[in-house]
Structure formats: structure tokens, C-alpha cells
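The next block holds one structure in the form of C-alpha cells; read it before the comments.
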Amino acid sequence: GLNYRVAKEIIGAAKEVMPYIYDSEKIRNTLIISPPQCGKTTLLRDVARSLSAFGKKVSVIDERNEISAMSNGARGYDLGVSCDVLGGAAKAEGSLLMLRSMSPDVIITDELGAEEEGKVLSRIANSGVHLISTIHAKNRFDLEKRAEVAAMCPFFDCFVTLSRRKGAGTVEEIYCAD
């Protein structure tokens, strides 16, 4: 069998969550949580575009070219004018490269989970650069059950949980520790 995934660009998908992620004074380190096919990457794409529209320098590490739909060096999706994309690079190495060379305000990645990514999160968090990413889980409480992921949670201030209850991208919970 074949499985085709058709990604979508939905301008405005982040409207409900942006006041929690960015409030004109600070960007919160945010983890977007959901099972597969609940709209994490679509939301992440619009968060990148929204932050860029606010004048923030955004660096996207697009390991599988899902966020930007990069092809022949051109982005297929509008991520904003202040957005740099590193496609095809592993999240850990790509994040460090962008941190050192692009002076971003925020680094955006998709689907955290590997143990080495936790060490990179620590470097990013201690550098003053913010991080927004996604992860597969049912909710933020399920993250604690996975040791490699539980170690990453302290680096995040805001957790957004999505589901498909009312269609992909349904916001079930926004939890920000302030």
C-alpha cells in the first residue's frame, strides 16, 4: 500500500495560540503536543510566519522539508520575510549551526524525541534564543512517561495540546507556566 500525506498551508492557524506564545515582550519556549495528523506542523508553519510578521528573526530547522516544503532551494510555504530555513539537516546539528551563524530570536523544529536533542535544547535555552517545537504524545502528562522526552520538558514554558476532536488542529489545552 501507499500512504500519501498532503500538507496544507493554513494562514491564521496560529491565531488562537499566538497570544500565549508571544506577547510583544517575550517569546515563550513552546512545545506543541499531539498524536500524528492533528495539525502540529501546520500550526508550527503559521507560528513561524506570525513571528516573522512581528519582526522576529526565525530560524527553521526542517529535517524532512515538511515545514517549508523546500524544493530546489525555494520554500513552498510562506514562512515570512524574517525566516531562514535549513532543510535536510538533523535537528541537533542544524539548531547549533543556526544558533552560531544566524543570530535568531527563535529556533523552530518539528518532532522532537531523540536523546541528543535534549543537550541541544539546554544550549539554546541558555543562549537567550527561544525554541518552539512539536512532539508526538497524547498530552503533556504523557511526556513524563518517556524518559528521553521528560528531560526536555523543563526547557519549555508553554505547552499546546492539539487533537482531531473537532477536526485537525483542535486546541485542547494551552498551559503556560507563568
Q: Using distance alone, with no hydrogens and no angle criterion, decide if T109 and K91 have a side-chain donor and acceptor under 3.5 Å apart.
A: no
Q.
Do the side chains of R64 and E111 get close enough for a salt bridge, i.e. N-O under 4.0 angstrom?
A. yes
Q: Go through the steps for Y77 and I67 under the test side-chain contact (heavy atoms from CB on, under 4.5 Å), then give the verdict.
A: CA-CA 8 Å; Y77 294 120; I67 302 169; over 6 Å; no
Q.
If we count only N and O atoms by modelled type, under 3.5 Å, do the side chains of K56 and S82 hold a donor and an acceptor together?
A. no
Q: Check G39 against A168 and note the closest heavy-atom contact, atom names and distance.
A: N-CB, 4.5 Å
Q. Rounded to the nearest 0.5 Å, how far does OG of S50 lie from CE of M18?
A. 5.0 Å
Q | Any L43 side-chain heavy atom under 4.5 Å of L162 side chain | A | yes
(Q) Between T134 and D110, is the side-chain hydrogen bond (donor to acceptor under 3.5 Å, both in side chains) condition met? List the steps. (A) CA-CA 5 Å; T134 66; D110 207 3; 2.3 Å; yes
(Q) Which heavy atom of G80 sits nearest to which heavy atom of R49, and what is that distance? (A) N-CG, 4.2 Å
**Q.** S59 side, atom OG; H130 side, atom NE2 - distance, nearest 0.5 Å
**A.** 13.0 Å
Q) Side chains of D62 and S68: donor-acceptor distance under 3.5 Å anywhere? A) yes
Q. Side chain to side chain donor-acceptor pair (under 3.5 Å) with D23: which residues, sequence neighbours excluded?
A. none
Q) With the 4.5 Å side-chain cut-off for hydrophobic clustering, are I108 and I11 part of the same group? A) no
Q) Where is the tightest heavy-atom contact between A151 and P154, given as atom of each residue plus distance? A) O-CD, 3.4 Å
Q.
Using a strict threshold of under 4.0 Å (side-chain N to carboxylate O), is an ion pair present between E172 and R165?
A. yes
Q: Decide whether L44 and F54 are clustered together by the hydrophobic rule: side chain heavy atoms of Ile, Leu, Val, Met, Phe, Trp, Tyr closer than 4.5 Å, transitively.
A: yes
**Q.** Point-to-point distance, once rounded to the nearest 0.5 Å, from SG of C153 to CZ of R146
**A.** 9.5 Å
Q.
Here's a test for you: under side-chain contact (heavy atoms from CB on, under 4.5 Å), which of I132, V58, V106 qualifies with V47?
A. I132
(Q) C158 vs I174, test: side-chain contact (heavy atoms from CB on, under 4.5 Å). Steps then yes/no. (A) CA-CA 7 Å; C158 189; I174 301 173; 4.1 Å; yes
Q: Identify the two heavy atoms, one from A48 and one from V60, that lie closest to each other, and give their separation to 0.1 Å.
A: CB-CG2, 4.3 Å
Q.
So which atom in A137 and which in D142 form the shortest heavy-atom distance, rounded to 0.1 Å?
A. CB-CB, 4.3 Å
Q. With side chains defined as the heavy atoms from C-beta onward, is the minimum distance between D78 and E9 less than 4.5 Å?
A. yes
(Q) Please evaluate residues E173 and V160 with respect to the criterion side-chain contact (heavy atoms from CB on, under 4.5 Å), reporting the C-alpha separation (whole Å), side-chain torsions for both, the decisive distance (0.1 Å), and the verdict. (A) CA-CA 6 Å; E173 177 189 43; V160 176; over 6 Å; no
Q) When rounded to the nearest 0.5 angstrom, what distance separates CD in E16 from OG1 in T170? A) 9.0 Å
Q.
Donor-acceptor pair, distance only, cut-off 3.5 Å: does the side chain of K57 make one with the backbone of S103?
A. yes
Q. Roughly how far, to the nearest 0.5 Å, is SG of C176 from OH of Y20?
A. 7.5 Å
Q. Does the side chain of P35 come within less than 4.5 Å of H136's, by heavy atoms?
A. no
(Q) Just verifying a value: how many Å separate E117 CD and S95 OG, rounded to the nearest 0.5 Å? (A) 8.0 Å
Q) When you measure from the side chain of D157 to the backbone N and O of R28, does any donor-acceptor pair fall under 3.5 Å? A) no
Q | Co-members of V129 in a cluster of I, L, V, M, F, W and Y side chains, linked at under 4.5 Å | A | L31, I33, I61, L86, L96, L97, M98, L99, M102, I107, L112, V120, L121, I124, L131, I135, L143, V149, M152, F155, F156, F159, Y175
